[in-house]
Amino acid sequence: ADQDCAGVCFGDSALDDCGVCDGGNADQDCAGECGGSAVVDECGECGGDGAAEGFDCAGGCVDSTVCGEASISISATSSTSATVSYTSNFDVAGFQFASSGVTLTGASSDLGDTQFNPSTGIVIGFSFTGASLPAGEGALVELTFDESIDGSTLALDDLIVSTFGGV
């Protein structure tokens with residue numbers, strides 16, 4: 001009666017919660033079940049499924065092919081210029097669109113390598129050095145165009161906004 005679970009007289013070995021002598025509860029899973037199979041996932045949750053595809057553990061988008069989003073807006077800055085703005089949850093590494101309703105005279109962007117064709121209205125922007133516009137909100141491109149006596153409406157079509165790798 002004076003033996004511990006290891007059979008040592010007056011020893012101090014004890015059964016753990018799973019009934020193993022000096023087991024240290026090693027047979028318990030993260031949910032506290034003896035012999036259970038629950039494990040801690042990549043997000044630190046016992047028995048969890050981990051982050052959803054394309055997202056991190058906090059729910060933030062980390063794969064633009066799965067959850068990348070971008071939107072574009074236009075605001076006139078004068079009778080001969082307009083700012084095309086963006087909102088994106090990824091860095092913007094390039095863009096392309098077709099403009100109509102005005103005759104373009106210029107296009108500039110912080111991406112650096114911005115080109116336009118006044119006869120087709122196509123505007124393209126990217127960077128040979130790998131620069132990008134930061135995720136969030138900002139100016140995508142500043143456009144200038146000929147003033148029209150009758151007024152004009154600037155329209156953008158066939159919009160493409162991409163992150164690195166052309167996504």
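Residues: numbered from 1 along the sequence shown. Only this structure's heavy atoms are used, side chains among them; waters, hydrogens and symmetry mates stay out.
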Any donor and acceptor pair, going by atom type alone, linking the side chain of [X] with main-chain N or O of [Y] inside 3.5 Å?
| X | Y | value |
| --- | --- | --- |
| N89 | C67 | yes |
| D113 | F128 | yes |
| S132 | P134 | no |
| D4 | A14 | no |
| N25 | Q28 | no |
| E42 | A51 | yes |
| D41 | E45 | yes |
| S109 | T114 | no |

Do the non-hydrogen side-chain atoms of [X] and [Y] ever get within less than 4.5 Å of each other?
| X | Y | value |
| --- | --- | --- |
| F145 | P118 | no |
| V92 | Y86 | yes |
| F97 | V141 | yes |
| V123 | F95 | yes |
| D110 | L133 | yes |

Is [Y] reachable from [X] through a run of I, L, V, M, F, W or Y residues, each pair having side-chain heavy atoms under 4.5 Å apart?
| X | Y | result |
| --- | --- | --- |
| F90 | F126 | no |
| I124 | V102 | no |
| L154 | I122 | no |
| L159 | L111 | yes |
| I74 | L140 | yes |

Residue D157 excluded, over 12 heavy atoms near CG under 6.0 Å: yes

Testing the 3.5 Å rule here: is there a donor-acceptor pair between the side chains of [X] and [Y]?
| X | Y | answer |
| --- | --- | --- |
| E147 | S79 | yes |
| S85 | T83 | no |
| T144 | T105 | yes |
| D22 | S13 | yes |

From [atom1] ([X]) to [atom2] ([Y]), nearest 0.5 Å:
| X | Y | atom1 | atom2 | value |
| --- | --- | --- | --- | --- |
| L15 | C5 | CG | SG | 4.5 Å |
| L143 | S81 | CG | OG | 9.0 Å |
| S88 | I72 | OG | CD1 | 8.5 Å |
| D49 | C43 | CG | SG | 9.5 Å |
| D27 | D16 | CG | CG | 6.5 Å |

Minimum heavy-atom distance between L156 and S99, given as atom pair plus value: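 Smallest heavy-atom distance, with atoms named: CD2-CB, 3.9 Å.
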
Heavy-atom closest pair, residues E53 and V66: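 Of all heavy-atom pairs spanning E53 and V66, the closest is O-CG1, 3.5 Å.
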
